[in-house]
Structures are given as structure tokens and as C-alpha cells.
Amino acid sequence: MTVAITRRVSPRFTECELTHIERIPIDLEIARAQHAEYLKTLEQLGCEVIELPEEPDLPDSVFVEDTAFILPEVAVITRPGADSRKPEIETIIPALAPYRLLVHVSAPAALDGGDVLVLGKKIYIGLSTRSNMEAVEQLNCTLEQYGYTVVGALLTDCLHLKTAVTRVDDSTLLINPSWVDSSHFQGYDLIEVDASEPFAANCLPIQGKVIYPTAFPKTQKRLTQRGYDVANVNLSELAKAEGAVTCCSLIVE
Ligand code: CIR
């Protein structure tokens, strides 16, 4: 059974962190309704959805992806780069403990889960405003015993590595080559986003389907033309907070 750990939208969601986009009004009720649809999609794809209670004082806490990443052997609890987000890990630790041995990164390392792209035994960390080389070094030490190599990848103009590139399947990545150097990913089949849809590189493959925003029809066509079966979700209000489809769940296979 695939488990998806999620968290309800905070009542203070409209006070979210923003780095690369302008603040525009967010409708909290629409954000909550869209989040509920996202959870329904996960359930329809066969996930057991765990919904953690809302965090009244943590605006970005719906974006649980940033608090951890999960490998077959262990789960790594991150140390989020934004101070407002550091307390988010406290309730993620007991939520993940039943599923995996937990390991941690510690200061001076900073790491958002959105910067972590796991491709087999190679783990890419986006060197962003949120994640640093100390995290790469610590993870290399911690995860070497399980056979992983951890490398940093420079980003330009986007929040997280997974804003710029995500896995579609074991051999295929969806990428915006303007935001991350595609030469990191030689050997993979790369699907480039349509140039008019720079935020289109974030997708969530689950149980043979690809959860994907309704906002990027041109890039979606590139996925469907290659035979991928897309499950659409409208996350327009969460996108105003710089969130996307991977950000709202922690997937435990
Ligand atoms: C932040 O700036 O931290 C949030 N407003 C957005 C986080 C999105 N998370 C993700 O892409 N993994």
C-alpha cells in the first residue's frame, strides 16, 4: 500500500513565504477545496491518505514535502531553510516514525525536501536559497552505508530543484532547462516544458498515473503524446504560494 502523508491548509496560509513570485491575494477557502481534491485524487489512485491536523501558526505547513524525504531504507528529516518553516518537522517526526528508521540533518546544514530529487542510488540536492552544500556533505556521510551518492545541482530563478525537474518514471524526467543544467541528467530521457509554461516541470507519478496541474496544457500534451496517463488537479491557489503537486505529500511506498 502506498501511503501519502499530507497536512491540512493552515488558517495563516496567506502569510506564506514567497521567493520568486509576487504576492497576489490567495483565497483560503478555494485553497482548501483544491487541497481536498488533491487528496481525493491520491485516494482514487489507491493511496492511503493520512491527513495531519492543520498547524494554526505555520503558514507553509501544507507543503509537507519540504520536511522529509523517504528512501526504502530510511527517512531523512530535513532542516528547512526558512526560519518560519523549521518547526514544521516536529509533527512530521511522529508521523513518519511508524514507517522508517529516521535520520536527521543538523546545523549548519539547511535542506528543503523540495530540493531533493532521488534517482535510484543518486540523490540530487538543489543548491537554492533553502538548501546548502553542508546538507550534501552530511547526507553523503549518512547515506553512504546504503549505497547512495549525493550531489549538489545549482539552480537559477526557481525555489526548489523539483520546481525545475521531476521524475516521470525510472528513465524519464520532466525539466525546465532554463532553471537547472540538463547535463546533470545525461542518460535520462528528458521531456522539456513548453517555453511558455516555465513552472510546468513538477509532476507526481503515482501508481502508473502522473498527477499534474491543469495549468500547463501545452506541457501536458508532451506527456500524453508519450503515452503517460495524466490525473489533473487544479492547484492554482497553492501555486500562488509557490507550491506544486509534489509539495503537498510525503509518499511512503
Ligand atoms: C515556501 O516558500 O517555502 C512555500 N511558500 C512554498 C514551498 C513549496 N514547496 C515545494 O515546492 N516543495
Side-chain angles (χ1 to χ4, degrees), residues 4-28 31-32 34-35 38 42 52 54-55 57-70 75-89 92 96 105 110-118 123-132 135 153 155-167 173-176 179-180 193 197-206 211-213 215-216 233 235-251:
I5 297 173
T6 67
R7 174 148 42 211
R8 286 172 177 264
V9 177
S10 170
R12 289 181 55 191
F13 182 56
T14 58
E15 298 165 53
C16 62
E17 298 277 345
L18 286 178
T19 309
H20 293 279
I21 61 174
E22 294 292 318
R23 195 169 295 276
I24 44 174
I26 296 175
D27 185 313
L28 183 61
R32 287 189 161 140
Q34 290 179 345
H35 187 251
Y38 172 84
L42 286 168
L52 300 176
E54 64 187 35
E55 286 281 2
D57 292 320
L58 299 176
D60 279 305
S61 51
V62 65
F63 300 124
V64 288
E65 173 183 54
D66 293 317
T67 60
F69 67 95
I70 298 137
V76 177
I77 304 296
T78 64
R79 181 171 177 271
D83 285 343
S84 69
R85 303 201 58 191
K86 286 186 168 63
E88 290 179 28
I89 63 168
I92 294 297
L96 276 175
V105 292
L111 182 68
D112 277 11
D115 275 319
V116 181
L117 180 66
V118 179
I123 301 177
Y124 293 87
I125 306 291
L127 299 173
S128 66
T129 56
R130 304 290 176 83
S131 305
N132 60 20
L155 297 182
T156 32
D157 301 330
C158 67
L159 181 61
H160 286 134
L161 180 59
K162 278 185 278 191
T163 326
V165 56
T166 52
R167 187 184 152 278
L173 306 177
L174 183 60
I175 189 165
N176 177 341
W179 286 349
V180 67
V193 300
E197 298 174 339
F199 287 93
N202 188 274
C203 72
L204 178 59
I206 292 273
I211 299 184
Y212 195 66
F216 310 118
V233 287
L235 291 182
S236 59
E237 293 306 297
L238 292 123
K240 292 177 186 172
E242 253 176 314
V245 288
T246 62
C247 322
C248 299
S249 53
L250 283 166
I251 304 295

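Owing to the predicted nature of the structure, the values given are computational and were not obtained by experimental measurement. When a ligand or atom number is given, it counts from 1 through the structure's own listing order.
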(request) Would you check if Leu42 and Thr6 make a side-chain contact, meaning some heavy-atom pair closer than 4.5 Å? (result) yes

(message) With a 4.0 Å cut-off on N to O distance, would you call Arg130 and Asp115 a salt bridge?
(response) no

(request) To the nearest 0.5 Å, tell me how far Asp66 CG sits from Arg79 CZ. (result) 14.5 Å

(request) Give the single entry among Arg130, Glu242, Glu17 that approaches atom 3 (O) of ligand 1 most closely by any heavy atom. (result) Arg130

(request) Could you tell me whether Lys162 approaches ligand 1 through its side chain, its backbone, both or neither, with non-hydrogen atoms closer than 4.0 Å? (result) neither

(message) Can you name the atoms of ligand 1, numbered from 1 with element, that are less than 4.0 Å from a heavy atom of His160?
(response) 9 (N), 10 (C), 11 (O), 12 (N)

(message) Suppose we measure from atom 9 (N) of ligand 1 to each protein heavy atom; which comes out shortest, and what is that distance?
(response) Asp66 OD2, 2.8 Å

(request) Note the single closest protein heavy atom to atom 4 (C) of ligand 1, along with its residue, its atom name and the distance in Å. (result) Asp60 OD1, 3.1 Å

(message) With heavy-atom distances below 4.5 Å as the criterion, would you say the side chains of Arg32 and Glu54 are in contact?
(response) yes

(request) Give the residue, atom name and distance (to 0.1 Å) of the protein heavy atom nearest atom 6 (C) of ligand 1. (result) Ala241 O, 3.2 Å

(message) Tell me whether Thr19 has any N or O atom under 3.5 angstrom from an N or O of ligand 1.
(response) no

(message) Rounded to the nearest 0.5 Å, what separates atom CD1 in Ile251 from atom CD1 in Ile211?
(response) 7.0 Å

(message) Suppose we measure from atom 10 (C) of ligand 1 to each protein heavy atom; which comes out shortest, and what is that distance?
(response) Cys247 SG, 2.9 Å

(message) When you compare ligand 1 with Glu65, is there at least one nitrogen or oxygen pair between them that comes in under 3.5 angstrom?
(response) yes

(message) With heavy-atom distances below 4.0 Å as the criterion, list the atoms of ligand 1 near Leu159.
(response) 2 (O), 6 (C), 7 (C)

(message) For the CG atom of Leu58 and the CZ atom of Phe63, what is their distance to the nearest 0.5 Å?
(response) 13.0 Å

(request) Evaluate the side-chain proximity of Val62 to Glu55: yes if any heavy-atom separation is below 4.5 Å, no if none is. (result) no

